[in-house]
Amino acid sequence: MPSDPRLVYSRLLDQRRADIASRERRHRILGYSRLAAVAGAVAVVWLALAGHLSILWITIPIAIFAVLVAIHDRLLRILERRRRAQRFFERALARLDGKWAGTGEPGDRYLDPAHVYARDLDLFGAGSLFELLSTARTHIGEDTLARWLLAPAGPATVRARQEAVSELRPRVDLREDLAVLAEDSRTGVDPVSLAAWGEAPGLLERGRLHTAVWALTALGLAGAAAIVTYVLGLLGAVRLSEPAAIVLRDVFLVVLAVNGTFLYRVHKRIGAVVSAVEEAADELKLLSAVLVRLERESFQSPLLAALRASLDTDGEPSSKRIGRLNRLMELLDSRDHVLIRMAEPFLFWTANLAFAVEAWRRHSGPVVRRWLTATGEMEALCSLASHAFEHPDDPFPELVQPGEAGWQAEAPAPQVGQTLSSVKLATEPLLEAEAIGHPLIAEGRVVRNDVRMGGAAGPRVLVVSGSNMSGKSTLLRTLGVNVVLAQAGAPVRARRLRISPLAVGASIRVTDSLQGGVSGFYAEILRLRQILDATAQPGPQGAPVLFLIDEFLHGTNSHDRLIGAEAVVRGLVERGAIGLVTTHDLALAGIADALGERAANVHFEDHIEDGRMVFDYVMRPGVVRKSNAIELMRSVGLEI
C-alpha cells in the first residue's frame, strides 16, 4: 500500500465509488424485479378468477417477492455502509486539501469559558483543533478526545499513546470500519446513562420474590394444564367425571386469582426493569458491531493490547455477552403477542425474563463502562492516528521529565514516527522547538519559527513585541496548541520539539461578560489570577506552567500596565513557570531587562512593498523599532 496519504485515500475512495455504482445498479434491478413479482401475483389472481389456474399458484410470486425483499434489504444496508465509507474518505481528502473547516464535529459542547486555555487556543468550535483531529463517530470517542485535549497526560501515558498511534497509523482499514460501524451508535448511545444502568443497584434481587415467581410459575403451569384438560373434557376428547371437572375448573380459577393478584402487586417493579433494559439493550446492540470489529484485532503496543483485553470478561468477549442480552430482549419483545398476553398469568413470561435480565446486569453490567471506555479510547487513538497518517512529516515530541534519572546527554532529534523509549534528565522546565508551525494553518501558508525557553541556559520568559497583524498572537497559539498535541499523545507540527511536562495557561482571547458584570480588563486579571493559582497548585504530574499572555494588561494605562506586568511576570517566573508575553507597548520590553538572564526580547516586523504592508511572520531577537497602526488606519480610509 502506498505511504502517501493522498494516494491511499484517493484509491480507496475510487473503489468505494465504483462499488456504490455497481450496487445502485443492482438496487434498481431488484426494485424492478419486485414490481415484476407483484405483477405476476396479480396475473395469477386474474387467471385464477377466470378459472384457468389454481389460486395456489400465487404462492410462487409471493415466495419470490419475499426472497427479493430480503436480498434488497441486505443490499440497502451494505449500500448505506459504502456511502458512509465514501464520506469518510471525502472528509479525509478535504483535510489534506485544507477544506475541512466547518465540515466536521466542532465540539462546541466541550467549550468551557472558564478553562484556562481551551478558548484561547481554538480547541473547539468551527475550524478548531478538535474538528481537525476528530474522526470519532460515537459520543464516548469524542468525549475521550476532548478530555485528552483539555488535560495534559503524564509522560508514561503520552509514550504509551505514541506507541499506539504509531501502530494504528497505517491501519486505514480499521479506521474506516470503525467510522462506518459506529455511525449507527452516534445518536443512539448515551454512554453516561448506559454505564449508569450497568452499575445501578439491582431492582430485582434473588430471594423470596424470585422464589415466589418460580413457585407461582409452576402453579400457573398446573392451572394451565387444568383448564386445557377441562376444555378437552367439555369437547369429549377426554373422559372426566363431574367432580373431576369441577375440581379442574376451580383449580384454574384459584390459580388465575392468585397469580393475577401477585402480578398486579409486582407489575411496577417488573415494569421498571423492562423499561430500563429496553433502552440500554438497544444502545448495546448498536455498540456491539463496533465491539465485534475490535475483538477481531490483535495489537502489539501495550496500550492497544490492554484495551483489546478489556473487552473480554472471564475469557468471554463482550459481543457474546451482549448477544445473550439481545436474545433475552427478543423473547421479552414477544410479550406483546396476544397469545403471550393470554398466557402471562400462567407462565409469568415477563417476570421470569425480567429476572434473567437482572441476572445479566448483575454479571455483565459492571463491565459496560469498561467496554465504553475502551471504545472511546480506541476512537480517540484512531483520530490521532489519522492525523499522524495525514501528516507524515510531523514527528512525535521528545518528553523531558524534570528530576527523573536517565540520560543526561542530549539525544539526536527523533525521526518521523519514532516514539521516545527513554526519558531524559532535566532540572528546569523546557520548551525547545525547531521549525514549529500552527497545525490549523495549511502547510503551504504556515511560517515556522525556532523557540527555546527554559532548560539550563534558555530564558524563562520571551517578551514578544511587534506591529499589528505581525504574528505575535499566532506564535502564542502555535506553541500552546503544539504543547496540547504533544501531551495528548499526538505528533506535532515542528521539525523537532522537546518539552518537559507543562500545564498551559493562556490569556489570549479573554472577553467581557455583560450579564456577569465583568469588563474585559477584569476578565483578563481574573485569568492572570487563574494562571498564577495554577503555579501554586501543580497538576498530578507536578508540571510547571507554560503561560501565554497576549497584549498584557491592554485595558489600563501605561504606568499601571508596566508595574503590573513586571510584577506578574516576576511572580510567574519565581514560581517556576516559563512563557511568553506579547505587547504593543514598547515600555513593557523593559521587563526583559528587569529580569536579566531569565528573560529575552524578540519581535516581529513588517515592511511596505508597492504601497501595501507585508508581513513575513519571522521571529527575530530584540525589540521592534517601528509600528504600523497609523499605516493600517490609513489603509482603511481613515484620515490621519
Where Leu168 and Arg175 come nearest, the two heavy atoms and their spacing:
O-NH1, 2.6 Å
Tightest non-hydrogen contact, residues Ser507 and Arg527, listed as CB-CG, 3.7 Å
Please check if the side chain of Glu131 supplies one atom and the backbone of Gly127 the other of a donor-acceptor pair under 3.5 Å.
yes
Given salt bridge (charged side-chain N to carboxylate O under 4.0 Å, His left out), test Asp122 with Arg509 step by step and report yes or no.
CA-CA 9 Å; Asp122 300 307; Arg509 188 179 287 139; 2.4 Å; yes
Establish, from distance only, whether the side-chain atoms of Ser319 and Ser288 form a donor-acceptor pair under 3.5 Å.
no
Do side-chain atoms of Ser364 reach the backbone of Arg361 as a donor and acceptor pair under 3.5 angstrom?
no
Where is the tightest heavy-atom contact between Leu304 and Leu381, given as atom of each residue plus distance?
CD2-CD1, 3.8 Å
Using a strict threshold of under 4.0 Å (side-chain N to carboxylate O), is an ion pair present between Arg575 and Asp533?
no
Geometric cation-pi criterion, Arg321 with Trp371: 6.0 Å, 45°:
no
Donor-acceptor pair between Glu142 and Ser134 side chains, under 3.5 angstrom:
no
Stepwise salt bridge (charged side-chain N to carboxylate O under 4.0 Å, His left out) check, Arg23 with Asp19:
CA-CA 6 Å; Arg23 293 182 187 277; Asp19 191 26; 3.1 Å; yes
Main-chain N/O of Ser383 paired to His387 side chain as donor or acceptor, under 3.5 Å
no
Considering only NZ, NE, NH1 and NH2 on the basic side and carboxylate oxygens on the acidic side, decide whether Glu297 and Arg171 come within less than 4.0 Å.
yes
Any donor-acceptor pair under 3.5 Å from Asn482 side chain to Val492 backbone:
no
Please check this pair: side chain of Arg91 against backbone of Gly104, looking for a donor-acceptor N/O pair closer than 3.5 Å.
no
Main chain of Leu307, side chain of Glu377: is a donor-acceptor contact present, judged purely on distance under 3.5 Å?
no
For the backbone of Arg293 and the side chain of Asp177, can you confirm whether one donor and one acceptor N or O come within less than 3.5 Å of each other?
no
Please confirm whether the ring centroid of Phe252 lies under 6.0 Å from the ring centroid of Phe346.
yes
Donor-acceptor pair, Ser334 side chain versus Leu331 backbone, under 3.5 Å?
yes
Leu372 and Pro191 have their tightest heavy-atom pair at CD1-O, 3.5 Å
With respect to His115, which candidate in Leu150, Asp120, Leu121 satisfies the side-chain contact (heavy atoms from CB on, under 4.5 Å) definition?
Leu150
So how far is it from Asp143 CG to Thr138 OG1, rounded to the nearest 0.5 Å?
8.0 Å
To the nearest 0.5 angstrom, please state how far the CD1 atom of Ile270 sits from the CZ atom of Phe355.
5.5 Å
Exactly one of Ser301, Pro491, Pro397 clears side-chain contact (heavy atoms from CB on, under 4.5 Å) with Gln162, and that residue is Pro397
Whether Lys285 and Glu330 form a salt bridge (side-chain N of Lys/Arg under 4.0 Å from carboxylate O of Asp/Glu) is what I want to check.
no
Neighbour count >12 (heavy atoms, 6.0 Å) for atom CG, Asp314:
no
Looking at Thr313 and Glu316, would you say the former's side chain and the latter's main chain have a donor-acceptor pair under 3.5 Å?
no
What distance do Leu263 atom CG and Arg265 atom CZ have between them, rounded to the nearest 0.5 Å?
11.5 Å
Could you grab the distance from atom CG of Leu194 to atom CD of Glu199, nearest 0.5 Å is fine?
10.0 Å
Kindly give the heavy-atom pair with the smallest separation between Ala146 and Phe130, and that separation in Å.
N-CE1, 3.9 Å
Mind checking the CH2-CZ spacing from Trp214 to Phe348? Nearest 0.5 Å is all I need.
12.5 Å
Any carboxylate oxygen within less than 4.0 angstrom of a Lys/Arg side-chain nitrogen, looking at Glu390 and Arg95?
yes
Charged N-O contact under 4.0 Å between Arg87 and Glu80:
yes
To the nearest 0.5 angstrom, please state how far the CZ atom of Arg137 sits from the CZ atom of Arg84.
9.5 Å
Identify the heavy atoms of His27 and Leu76 that sit nearest to each other, and give their distance.
ND1-CD2, 3.6 Å
Strictly distance-based, threshold 3.5 Å: is any side-chain N or O of Glu295 a donor or acceptor partner for the main-chain N or O of Ser318?
yes
Does the separation of the ring centres of Phe389 and Tyr9 fall below 6.0 angstrom?
yes
